[in-house]
Structures are given as C-alpha cells and as structure tokens.
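A short worksheet on the structure shown next.
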Amino acid sequence: MERPLLFLDVDGPLNPYAARPERRPEGCITLRVPRNGALVDEVSLSSRRRPLRVWLNPEHGRDLLRLEYDLCWATTWMDEANHWIAPALGLPVLPFVDFGDTLFRERPDGVHWKTAPLVEYAGGRPFAWVDDEQTEPDRAYVDAHHRGPALLHHVDPRVGLRHDDFRALADFVDDSCDTGPRLVRQDGVTAAPPPSWRP
C-alpha cells in the first residue's frame, strides 16, 4: 500500500511562534530569516524590517524521517521551506504544495484556504496534516471530499510538535493501513493500538 502523505505546516508545528517571546522553547535553536527571503504572513511588510525570528528543534527532522510517511510542505513558506527550514532540521529537499492564487484567500464557508488544495494534492491518498489552524469546517470538508483516510492533527503553536503528536501520527499510519475510507477525528475517543514509534 502507498505510504501516506504528511503535510507539514512550519509556523505552529515546527516553529512555536506563539511561545513566550522572551523565552526560547527548550531544545530549539533560533533562525533569523530576512523578511524578503520568506513568504510567511509577512507578504505585505517591508523587507527593511528586522529579520523574522524562527524557533526550530533540530531533533524534529530526525523524528519526522522515522515516521512511515512521504513528507510534503504545506505552508505559506512553500519552496522557501526547503531553503530555510529543511537544512536546519536535517531534512532533504521536500515536495511542497503550491497554493498559487488560493494563498490567504478566505472562503465564505469557513473552510481554511489550505484545505481544498491539500485534498486535491492528495488525490485520494491517505494523509495527515499537522497545522495550528484547522477547525471543524475543515474536518467536514475533508470528510465530504476526500475518499481516503485523513488525520487533521492540530498542534498548539505555543509548544509546537511534541512526543504525543508524533505518537498520534505513528498511530494513524498503523490504523490507515487496515481500514477503509474514513476521517480520523483528533477530538474523538479512539481505540488505538500501542504506538510503534518511539522518539
């Protein structure tokens, strides 16, 4: 069976940008990215402003590569993530979802602007999506439009990816290999097997 995709957002899961600004999270390094060298949420800001501070935990690269997924960037950084983020994490160059004209475009139905492009990119293939912005309309959209298993995994942007998040991702791979189409709801109570992944 084809390996699931893991759609990776940068800001929130990998860069815990909402952590206390005066205290770098444990295990993280600080990366300074010129504002004109990254797309992120600063598209309209002047490049003369101070560099963007990004906190990254180098161990996350190793932990992500241990998972049984094909990794793919799903971030406003798009291909810039391969230039700035991947080297700091020890990741290879990864494919990325090119959001094109849908970048930051709000939808009247409350579905996040990333959701439809991710479903289209997956093309029915099982996927997990780690982000800090998914909501119930996104889960409903995926349930209605994606024919394979999917995990929309919310990550707290104050702490970023933690052991429990990696465990949930590993459990999803185990579950999605032997079940039919379904949406795995993070907020539901599920009977998951003991995790096969350990940090």
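Numbering starts at 1 and runs along the sequence shown.
- Scored by the side chain to side chain donor-acceptor pair (under 3.5 Å) test, Arg162 finds no partners at all (sequence neighbours excluded).
- Of all heavy-atom pairs spanning Ile29 and Pro58, the tightest one is CG2-CG, 4.0 Å.
- Note on Leu14: it does not cluster hydrophobically with Val159, by side-chain heavy-atom contacts below 4.5 Å among ILVMFWY residues.
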Inset, instruction - Could you go through the side-chain contact (heavy atoms from CB on, under 4.5 Å) check for Cys72 and Leu94 one step at a time? - result: CA-CA 6 Å; Cys72 180; Leu94 300 177; over 6 Å; no

Inset, instruction - With side-chain contact (heavy atoms from CB on, under 4.5 Å) as the test, would you mind laying out the steps for Asp70 and Arg125 before giving the verdict? - result: CA-CA 11 Å; Asp70 290 336; Arg125 183 175 174 183; 2.3 Å; yes

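- Placement of Leu67 and Val130 within a single hydrophobic cluster is found when ILVMFWY residues are connected by side-chain heavy-atom separations under 4.5 Å, directly or transitively.
- Across all their heavy atoms, Gly160 and Pro16 have their closest contact at N-CB, 3.7 Å.
- The backbone N or O of Pro126 sits nowhere less than 3.5 Å from a side-chain atom of Glu2 that would complete a donor-acceptor pair.
- Using modelled atom types and a 3.5 Å distance limit, the side chains of Asp165 and His153 yield a donor-acceptor pair.
- When hydrophobic clusters are built by joining Ile, Leu, Val, Met, Phe, Trp and Tyr residues whose side-chain heavy atoms come closer than 4.5 Å, directly or via intermediates, Leu5 is not grouped with Val93.
- Ring pair Phe166/His60 is tilted by interplanar angle, where 30° to 60° counts as tilted.
- Between Asp138 and Lys114 there is no salt bridge, since none of the side-chain N atoms of the basic residue sits less than 4.0 Å from a carboxylate O of the acidic one.
- A side-chain donor-acceptor contact under 3.5 Å links Arg105 to the backbone of Asp101.
- When atom types are taken as modelled, the side chain of His146 and the backbone of Ala122 share no donor-acceptor pair closer than 3.5 angstrom.
- Looking at every heavy atom in both residues, Val142 comes nearest to Ala150 through CG1-CB, 3.6 Å.
- Contact check for Phe7 versus Tyr69: no side-chain heavy atoms found under the 4.5 Å cut-off.
- Between the CD1 atom of Ile85 and the CG atom of Asn15 there is a distance of 7.0 Å, given to the nearest 0.5 Å.
- Partners of Arg32 according to the side chain to side chain donor-acceptor pair (under 3.5 Å) rule, which considers only residues two or more places apart in sequence or in another chain, do not exist here.
- Minimum interatomic distance between Pro137 and Val111 (heavy atoms only, all atoms of both residues): O-CG2, 3.7 Å.
- Rounded to the nearest 0.5 Å, atoms CG (Leu64) and CG (Leu89) are 7.5 Å apart.
- Placement of Val10 and Leu161 within a single hydrophobic cluster is found when ILVMFWY residues are connected by side-chain heavy-atom separations under 4.5 Å, directly or transitively.
- A distance-only check finds no donor-acceptor pair linking the side chain of His112 to the backbone of Glu133 [under 3.5 Å].
- Around CZ of Arg158, the count of heavy atoms belonging to other residues, nucleotides or ligands within 6.0 Å does not exceed 12.
- For Arg139 (side chain) and Leu151 (main-chain N/O), no donor-acceptor pair under 3.5 Å exists by modelled atom type.
- Atom-to-atom distance recorded for Glu136:CD and Asp143:CG is 9.0 Å, nearest 0.5 angstrom.
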Inset, instruction - Please test Phe99 against Met78 for side-chain contact (heavy atoms from CB on, under 4.5 Å), starting from the C-alpha separation and ending with a verdict. - result: CA-CA 8 Å; Phe99 292 108; Met78 293 192 280; 4.2 Å; yes

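- Residues Asp109 and Tyr141 have side chains that never bring a donor and an acceptor to within less than 3.5 angstrom of each other.
- When all heavy atoms are compared, the tightest approach of Pro95 to Tyr121 is CB-OH, 3.7 Å.
- Of the residues Leu52, Leu56, Val33, the one that meets the side-chain contact (heavy atoms from CB on, under 4.5 Å) test with Trp84 is Val33.
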Inset, instruction - Let me see the working for Leu91 and Leu71 under side-chain contact (heavy atoms from CB on, under 4.5 Å), right down to the final yes or no. - result: CA-CA 10 Å; Leu91 292 173; Leu71 306 179; 4.1 Å; yes

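- For the residue pair Asp79/Trp73, the side-chain donor-acceptor check at 3.5 Å is not satisfied.
- Side-chain contact check for Thr30 and Arg24: at least one donor-acceptor pair (N or O, by modelled atom type) lies under 3.5 Å.
- Here the shortest heavy-atom pairing between Pro92 and Ala86 reads O-CB, 3.9 Å.
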